[in-house]
Amino acid sequence: MIKPWSWPFSAPTPDAIRRGLDLSLRDVAGFVIFEIAFYFAYRSGMAFSQAAASPFWFPDSVLLCALLVSRPQLWWIFVLLPLPVRLFSNVAEGIPLWFLLTTFWIDSAKGVFAAWALRHFVGRTFRLETVREFVAFFAFAVLLIPAVAAFCGATARSALGHSYWMAWEQWFLGNALAQLIVTPAILHWCLRLPLKAKLPDARRRIEAMVLAIGLLVTGYLATNTGSSAIDFAGARFYVPVPLLFWAAFRFGMRGASGATAILAILAVHGAINGRGPFADLSPADITLALQNFLLLRSVPLYVVAAVIAQRREVEARLRESEARFRSMANTAPVLLWISDRDAGCEFVNQRWLDLTGRSQSDVAGKGWLEDVHPDDVQPVLQAYHAAAASRQPFEIEYRLRRHDGEYRWISHNAALRHGPGGEMLGYIGSAIDVTDRKESEQAGRAISHAQRLILMGELSAAIAHEVRQPLHAILNNAAAAANLLAAPNPSLQELREIISDIRADDLRAAEIVSRIREFLRPQATNAQRLDVSEVVSDALLYVGSDARHRQVLVRNELARNLPPVFADRTQLLQVLINLLVNAMDAMEGMPEAERHLTARTGVDATGKVEVAISDSGHGLPPEDMRRIFEPFFTTKPQGMGLGLYIARSIVGRHRGDIRAEGNPTGGSTFRITLPAEPVSPGQ
Ligand code: ADP
């Protein structure tokens, strides 16, 4: 089907413009309301005598508020909408067109600059509620921009024959006053409608009503009654002041802006009708009197209101953050507590209360100590006071009575708590139930003693075998010496050799015995949470000079942030040094460039912490692989064959495992795995 020919260009329909700008019906309603508001503001602004610039330039406030609450993409519409009102309303009659256009541009520029500056320095949501917002508002919208614009305005008015500086002053004060009195009132009363704000309770509503009536009465008396300018000194002129502060104190910025607006309306009414203190004044004097009267009342009031609002906000935030802390603390899977400087409890979380079956008031102050095991109370207090005296964090373990009467071992971490001035307030910390770990440690010291007995049995057989050989040699040599001495002219040389052999065999037997004794000597285990990477790097330091001497290239690939292991540092070092020395021994016959030793740490597939020591040495023949962990198995001329045997027993005591494997590229790798310490044992 052939389409009928149509004119390709058509004027955009209002609907197309609306869609193009992505306008919502709310935006369109906003334009209409703005236009109406601007019309009335313009009329009221122009209601004052034309002999002076308006003392209250309301249209500025209407434009600024519209710009502050709308998207910057729409600003140009708000800027253009006043134009028809300015050009065609009857109040503009008799004013030259160039003057109307000039003031239109000046006012538009003021509005756009002020809205931009406030958005830029305060943020997208400008609510005129904090001190910072008020200071920015006062600086830009009230002082700076009106002051600069007043130069242009005064130039325009001086072209109409007015005095330049008088015009500047009136222009500036008229703009500043409108911004100061009308803008906050629009923002707080028209744009933040009570629908949005929380409806005040009945008592506050009555208070607000009494306040409003009081302000109306006293404000009217002050600004609309009496007859001469002398009244400015009269007491009733100041009667509204306490009511203004009452409004600011009790109702914040909303109260302050509403109260100021009431007073301003009454004062303007008095001024326009030449009543009360404004009677008998010239239009210029009325303007100045009005401006000073309102400026001096509103500024301190707003400051008070903003400070109070900000304080309330800070208090609300503090309350909120405390509530957040409490809910976090109460759902945390550990025990949390806060104390004063003297070990008095200020707070414990729900988990603590659940564990001990007590209430917050039971444990407050020194109450918590009632649940501590009687034998542990003194050590706990001593540790606490010693740490507090030296302003140090501390860690203690003690027994805490559970709700069922059973004592649980608790590990208690304490960090210093400081006040705003840096003074020490006490401690804050966490505690975990470590009973399971304590029990396994105690049991470990006992599954360890028994293991030693088994090892002794194993060893005594090995020792008997090992020592029998030198003893046998000594016996043979002694018999040979006796025979030699029985012969005539025994060879002294031969006797010396026999004695030397006896001595060497004796020394070997003695060394075996002393090594075994060393191994069997009861050792104090000092198990603690360790970072295996740190222990490996210490072990590498110990063997460093030996490695350099033997021309071995040492590399390390140590994982950071490994889960800790619970182990005796000295014993672990002993195992690692033995593996490193063995690795270097195995590379003894290799060309220098091929002597590579690598120490790696990491976590294996089962979550255990693993250390791997790899070398590029001669490796392990399969038949040796099975025997290297047996006591006295050695392939070295000076070896004892006890290193790996002892290593296996130490690792076993730590509930770990040690094994050897051949590398595909030659050499061998020894791997140790140790169980990672759970973050909160017993939880
Ligand atoms: P020693 O070092 O006194 O011989 P060990 O128990 O430490 O005692 O070692 C036992 C034996 O295991 C060594 O003699 C050696 O044969 C073998 N071995 C240990 N480490 C390695 C290694 N990295 N490469 C090859 N063989 C090794």
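Both counts, for ligands and for their atoms, begin at 1 and track the order of listing. Model, not experiment: these values are computed from the prediction. Just so you know, these numbers use all the heavy atoms, side chains as well, and skip hydrogens, waters and symmetry mates.
In terms of protein heavy atoms, atom 1 (P) of ligand 1 is closest to G641 N, 3.7 Å. Ranking protein heavy atoms by distance to atom 2 (O) of ligand 1, first place goes to K636 NZ, 2.7 Å. Shortest contact from atom 23 (N) of ligand 1 to any protein heavy atom: D615 OD2, 2.9 Å.
Residue A586 has at least one heavy-atom neighbour below 4.0 Å for each of these atoms of ligand 1: 22 (C), 24 (N), 25 (C). For ligand 1 and T634, the ligand atoms under 4.0 Å from any heavy atom of the residue are 1 (P), 4 (O), 14 (O). Applying the 4.0 Å criterion to heavy atoms of S668 picks out, from ligand 1, the atoms 22 (C), 23 (N), 24 (N), 25 (C). Per-residue contacts place G643 under 4.0 angstrom from the following atoms of ligand 1 (heavy atoms of the residue considered): 5 (P), 6 (O), 7 (O), 8 (O). Close contacts between ligand 1 and A583 involve ligand atoms 23 (N) [criterion: under 4.0 Å to a heavy atom].
In this model, no donor atom of one side chain and acceptor atom of the other lie less than 3.5 Å apart for Q574 and N578. A side-chain donor from one of S359 and D362 sits under 3.5 Å from a side-chain acceptor of the other. Judged by distance alone, the side chains of T598 and S614 never bring a donor and an acceptor atom under 3.5 Å apart. Judged purely by distance below 3.5 Å, without hydrogens or angles, the side chains of T669 and N663 pair a donor atom with an acceptor atom.
Checked by distance only, ligand 1 and L620 stay at 3.5 Å or farther apart across all their nitrogen or oxygen atoms. Ligand 1 has a nitrogen or oxygen under 3.5 angstrom from a nitrogen or oxygen of L644. Annotation: Y645 places no N or O atom under 3.5 Å from an N or O atom of ligand 1; distance criterion only. Some N or O of T635 is nearer than 3.5 Å to an N or O of ligand 1, by distance alone.
Under a 4.0 Å N-O distance rule, the pair E406/R408 qualifies as a salt bridge. With salt bridges taken as basic N to acidic carboxylate O contacts below 4.0 Å, one links E315 and R311. A salt bridge links D342 to K366: one of the charged nitrogens lies within less than 4.0 Å of a carboxylate oxygen. A salt bridge between E346 and R417 is present, with a side-chain N of the basic residue lying under 4.0 Å from a carboxylate O of the acidic one.
Taking a 4.0 Å cut-off on heavy atoms, G617 fails to register as neighbouring ligand 1.
Compare F629, F632, F633, F670 by their heavy atoms: the one nearest to atom 11 (C) of ligand 1 is in F633. Taking each of D624, N582, I628, D585 in turn, the one with a heavy atom nearest to atom 7 (O) of ligand 1 proves to be N582.
For the pair E395/H412, no side-chain contact is recorded, criterion being any heavy-atom separation below 4.5 Å from C-beta on.
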Distance-only check: which donor-acceptor pairs under 3.5 Å involve side-chain atoms of residues 495-508, not counting sequence neighbours?
residue	atom	partner	partner atom	Å
R496	NH1	Q493	OE1	3.2
E497	OE2	Q493	NE2	3.2

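Residue-environment remark: CG (D404) exceeds the threshold of 12 foreign heavy atoms within 6.0 Å.
Heavy atoms of N578 found under 4.0 angstrom from ligand 1 belong exclusively to the side chain. If you look at L579 next to ligand 1, there are no close heavy atoms at all, none under 4.0 Å.
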